[in-house]
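Down below is the structure, laid out as structure tokens.
The chains referred to below are lettered A, B, ... by the order of the sequence lines, with proteins before strands, and numbering in each begins at 1.
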Number of protein chains: 2
Amino acid sequence: MGHRPRKEMIAETRAKLVAAARHAFGTVGYAEASMDDFTASAGLTRGALYHHFGDKKGLLQAVIAEIDAEMVGRLKVVSARADSLWQGFVDECTAYIEMALEPEIQRIVLRDGPAVLGDPSQWPSQNECIRSMSENLQKLRDEGTILAVDPEAAARLISGASLHAAQWIANSDDPEATSKKAVKAFNVLLEGLLKHAGRPQNSNQPALIGSTQD
Amino acid sequence: MGHRPRKEMIAETRAKLVAAARHAFGTVGYAEASMDDFTASAGLTRGALYHHFGDKKGLLQAVIAEIDAEMVGRLKVVSARADSLWQGFVDECTAYIEMALEPEIQRIVLRDGPAVLGDPSQWPSQNECIRSMSENLQKLRDEGTILAVDPEAAARLISGASLHAAQWIANSDDPEATSKKAVKAFNVLLEGLLKHAGRPQNSNQPALIGSTQD
DNA sequence: TATTTGACATACGCCTCGTATGTCATTATC
DNA sequence: GATAATGACATACGAGGCGTATGTCAAATA
């Protein structure tokens with residue numbers, strides 16, 4: 001069993017800590033997660049944690065950065081495979097809601113994160129999501145598809161709405177039905193951005209979102 | 001110095017605890033607030049706290065209930081004094097954003113609350129705000145002003161957007177400018193709800209919100 | 001080979017929370 | 001009106017959790 005290069009061992013230790021913390025934070029929550037416990041579950045001690053991440057908050061930052069990077073990647077895939085910019089944007093929003101339904105994301109990124117690390121708009125990572133959305137909105141504006149709203153402002157409003165929609169859905173008695181209601185209302189709001197207001201008088205039929213329709 | 005009736009003394013104790021906790025939670029945050037410290041600042045001990053509220057979370061619930069009741073009251077005043085239902089609704093949304101700018105509300109209700117007590121949509125109190133908004137939307141739908149969206153869904157999306165807008169504003173370098181951008185974008189989204197899409201092609205001029213324009 | 005660096009583990013003290021217990025005033029019972 | 005019972009608190013105690021200071025040992029460096 002030849003020893004792996006040093007760099008790799010260290011990276012593995014960091015990864016193990018992040019993984020263990022991610023699991024603990026995602027299940028019992030940040031406050032209830034004992035550093036002794038989850039470092040032990042990774043075969044390490046708090047010593048390693050403090051050495052690599054400074055403190056518990058530092059580890060939370062690392063965990064969030066990891067999750068957020070995954071989220072950005074997934075969002076880029078979604079928007080890239082759409083036919084139009086607008087459709088890509090709408091799909092991205094829907095995907096954002098769907099991701100926010102995942103317990104790990106909801107708990108760590110959307111609840112504990114802001115409480116422990118402060119407002120997410122200040123995080124370098126979270127801004128990636130917003131920036132990605134802002135860029136799309138900017139393009140849509142240049143293209144003349146949407147009204148002349150500030151892209152970042154719209155992006156933040158939309159991400160806030162998505163986030164709350166997701167929490168509402170996740171905690172509802174009937175997530176399926178709730179999800180449909182939320183997505184429909186969400187589309188109505190998004191269409192408010194469109195320059196030509198070509199929308200139906202009666203919105204009881206499915207809205208123009210694509211990816212979640214069955 | 002005649003002793004006040006017993007009931008009043010107890011209510012006063014509860015009120016003192018809630019006030020002290022509210023101040024501590026609002027300034028240093030829930031996690032950093034020492035029960036020993038803020039009970040002492042009220043001239044009491046943790047004994048009183050545990051007797052009345054069970055635990056730290058119980059006290060947080062009481063604090064949030066108090067703040068939320070105030071918020072509902074303020075929102076009702078705002079919507080009541082508007083000319084039309086729609087204008088009342090728009091004003092209420094703006095007021096919601098403005099309230100979310102207050103550090104105490106932001107910290108206790110919007111950040112620590114969800115982290116400690118779980119999703120706000122499950123709180124009896126927070127639902128008051130949503131319900132109030134939902135009722136207004138229901139009326140607007142009955143009146144034929146807005147499209148046939150689910151009122152609760154729309155209310156949740158809007159409150160989520162408001163909340164994030166507020167946090168964005170509060171943490172920005174230039175809250176004034178940011179606020180204007182946010183409110184403008186917010187109005188564009190809200191107008192998406194309107195049945196007759198009578199909106200300008202160019203939204204560079206002030207939107208139709210009233211209360212925050214100078 | 002001697003030295004230094006750095007990745008961890010161990011040991012210690014402080015703080016905080018929750019509970020169990022105690023005390024004293026008020027209320028109920030006779 | 002004396003006594004018992006209730007309830008509103010304070011005090012005392014124990015358990016964990018966090019952060020830091022210190023120790024150890026392997027790897028890089030010279």
Between atom [atom1] in [X] and atom [atom2] in [N], what is the gap in whole Å?
{"X": "Glu32(A)", "N": "dT16(C)", "atom1": "CD", "atom2": "C1'", "value": "13 Å"}
{"X": "Met9(A)", "N": "dG6(C)", "atom1": "CE", "atom2": "P", "value": "18 Å"}
{"X": "Arg14(B)", "N": "dA8(D)", "atom1": "CZ", "atom2": "P", "value": "10 Å"}
{"X": "Leu17(B)", "N": "dC9(D)", "atom1": "CG", "atom2": "P", "value": "8 Å"}
{"X": "Tyr50(A)", "N": "dC12(C)", "atom1": "OH", "atom2": "C1'", "value": "14 Å"}
{"X": "Phe53(B)", "N": "dG18(C)", "atom1": "CZ", "atom2": "P", "value": "14 Å"}
{"X": "Glu8(B)", "N": "dA8(D)", "atom1": "CD", "atom2": "P", "value": "15 Å"}
{"X": "Asp36(B)", "N": "dA10(D)", "atom1": "CG", "atom2": "P", "value": "11 Å"}

query = With sugar-phosphate meaning primed atoms plus P, OP1 and OP2, does Ala31(B) contact a base, only sugar-phosphate, or nothing at under 4.0 Å between heavy atoms?
reply =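 Here Ala31(B) touches no strand at all.
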message = Regarding Ser34(A), tell me which of base, sugar-phosphate or nothing describes its non-hydrogen contacts under 4.0 Å with the strands shown.
response = sugar-phosphate
Any side-chain N or O of [X] less than 4.0 Å from the OP1 or OP2 oxygen of [N]?
{"X": "His52(A)", "N": "dA7(C)", "answer": "no"}
{"X": "His51(B)", "N": "dC9(D)", "answer": "no"}
{"X": "Lys56(B)", "N": "dG18(C)", "answer": "no"}

task = Verify whether one side chain among Asn187(A) and Glu191(A) offers a donor that lies under 3.5 Å from an acceptor in the other.
result = no
note = Per nearest nucleotide of DNA chain D, the residue lying toward the 5' end, Gly47(A) or Met35(A), is Met35(A)
message = I want to confirm an ordering. Mapping Arg46(A) and Gly43(B) to their closest nucleotides on DNA chain D, which one lands closer to the 5' end?
response = Gly43(B)
ask   = Quick one: which of dC8(C), dG18(C), dC18(D) gets closest to the side chain of Thr13(A)?
value = dC8(C)
note = Side-chain contact check for Thr45(B): nearest option of dA10(D), dG18(C), dC18(D) is dA10(D)
ask   = Between Glu70(A) and Arg74(A), is there a side-chain N and carboxylate O pair less than 4.0 Å apart?
value =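 Salt bridge flag = no for Arg74(A) with Glu70(A).
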task = Determine the minimum heavy-atom distance between Ala166(A) and Ile97(A), stating which atoms define it.
result =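 Looking at all heavy atoms of both residues, the closest pair is CB-O, 3.6 Å.
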task = Specify the closest pair of heavy atoms between Val18(A) and Glu66(A), including all atoms of both residues, with the distance to one decimal.
result = CG1-OE1, 3.4 Å
task = List the steps, then state whether salt bridge (Lys or Arg N to Asp or Glu O under 4.0 Å) holds for Glu176(B) with Lys180(B).
result = CA-CA 6 Å; Glu176(B) 288 292 322; Lys180(B) 283 186 182 171; 5.7 Å; no
